[in-house]
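These notes are about the structure you will find just below.
Whatever order the structure lists them in is the order used to number ligands and atoms, beginning at 1. Position 1 is the first residue of the sequence, and the numbers go up from there.
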Amino acid sequence: MSAGRPFTCSVFIGVSLDGFIAREDGDLHWLTSRGEAAGGDLGYQEFIDGIDTVVMGRGTYEPGLTYDPWPHEGRHCAVLSTTLPLGADPRVTVHRDLGSLLRALEERGTKSVYVDGGQVIRTFLREGLIDELTITTVPVLIGSGLPLFGPVGRDVPLAHVSTRVFGAGVVQSTYGVVRPG
Ligand SMILES: NC(=O)c1ccc[n+]([C@@H]2O[C@H](COP(=O)([O-])OP(=O)(O)OC[C@H]3O[C@@H](n4cnc5c(N)ncnc54)[C@H](OP(=O)(O)O)[C@@H]3O)[C@@H](O)[C@H]2O)c1
């Protein structure tokens, strides 16, 4: 339970040191190659074991269609999009707006949400919905690309939870979002 909601919302995402989650054309090799060099799964399995629902934007869902096997088997998977056809992919539920998504999650008895995709993460931050962020930073500056963070209308105070240093200079930090007292 968090901030009056029956579920928690967590981010687990990889970024370049200059704050991008993908190149403009969607390329992720700069990230995946360094993740592989670091070795292991960088805590992903431990994180995902505590998650019952994945929420992502169309921008994350569409490139993920090439993954074999589908990485979200066994978890409810919701996609925010104003353009994807509803019901075309039985593995996901498409929602047209945040309000309908949040109502559906509550009705399903959702407990723990993994929020993925830059725009969607910023939407959740703007609405005060994120509880925890785990950011895995790989040591490269890519100069331009799709950003993780951007204006959310106000400062978001954070409390540092932990930092782990993996091989190949990969650094992972977890922060909790501090709620107004
Ligand atoms: N580095 C990593 O760990 C990591 C993790 C995840 C994704 N990625 C990469 O990041 C890129 C995608 O990120 P992104 O920031 O471009 O996009 P995103 O957040 O995944 O998706 C953006 C899309 O989601 C929909 N959307 C967002 N907010 C909405 C709302 N409130 N209501 C309705 N629909 C909403 C819109 O789809 P419509 O246009 O259909 O309305 C929007 O175009 C991909 O290249 C992906 O591979 C990287």
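The contact shell of ligand 1, taken as protein residues with any non-hydrogen atom closer than 4.0 angstrom, comprises Ile13, Gly14, Ile21, Ala22, Gly26, Leu28, Leu31, Gly57, Arg58, Gly59, Thr60, Pro63, Leu80, Ser81, Thr82, Thr83, Arg96, Asp97, Asp116, Gly117, Gly118, Gln119, Val120, Thr123, Leu146.
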Test side-chain hydrogen bond (donor to acceptor under 3.5 Å, both in side chains) applied to Thr8 and Ser112, step by step:
CA-CA 5 Å; Thr8 58; Ser112 51; 5.2 Å; no
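Residues meeting the side chain to side chain donor-acceptor pair (under 3.5 Å) test with Gln119, sequence neighbours left out: none. With sequence neighbours excluded, no residue forms a side chain to side chain donor-acceptor pair (under 3.5 Å) with Glu132. Every side chain to side chain donor-acceptor pair (under 3.5 Å) that Thr83 has, sequence neighbours left out, goes to Arg58, Ser81.
Within a 6.0 Å sphere centred on NE2 of His29, other residues, nucleotides and ligands contribute 12 heavy atoms or fewer.
Residue Ile121 holds its CD1 atom at 7.5 Å from OG1 of Thr60, rounded to the nearest 0.5 Å.
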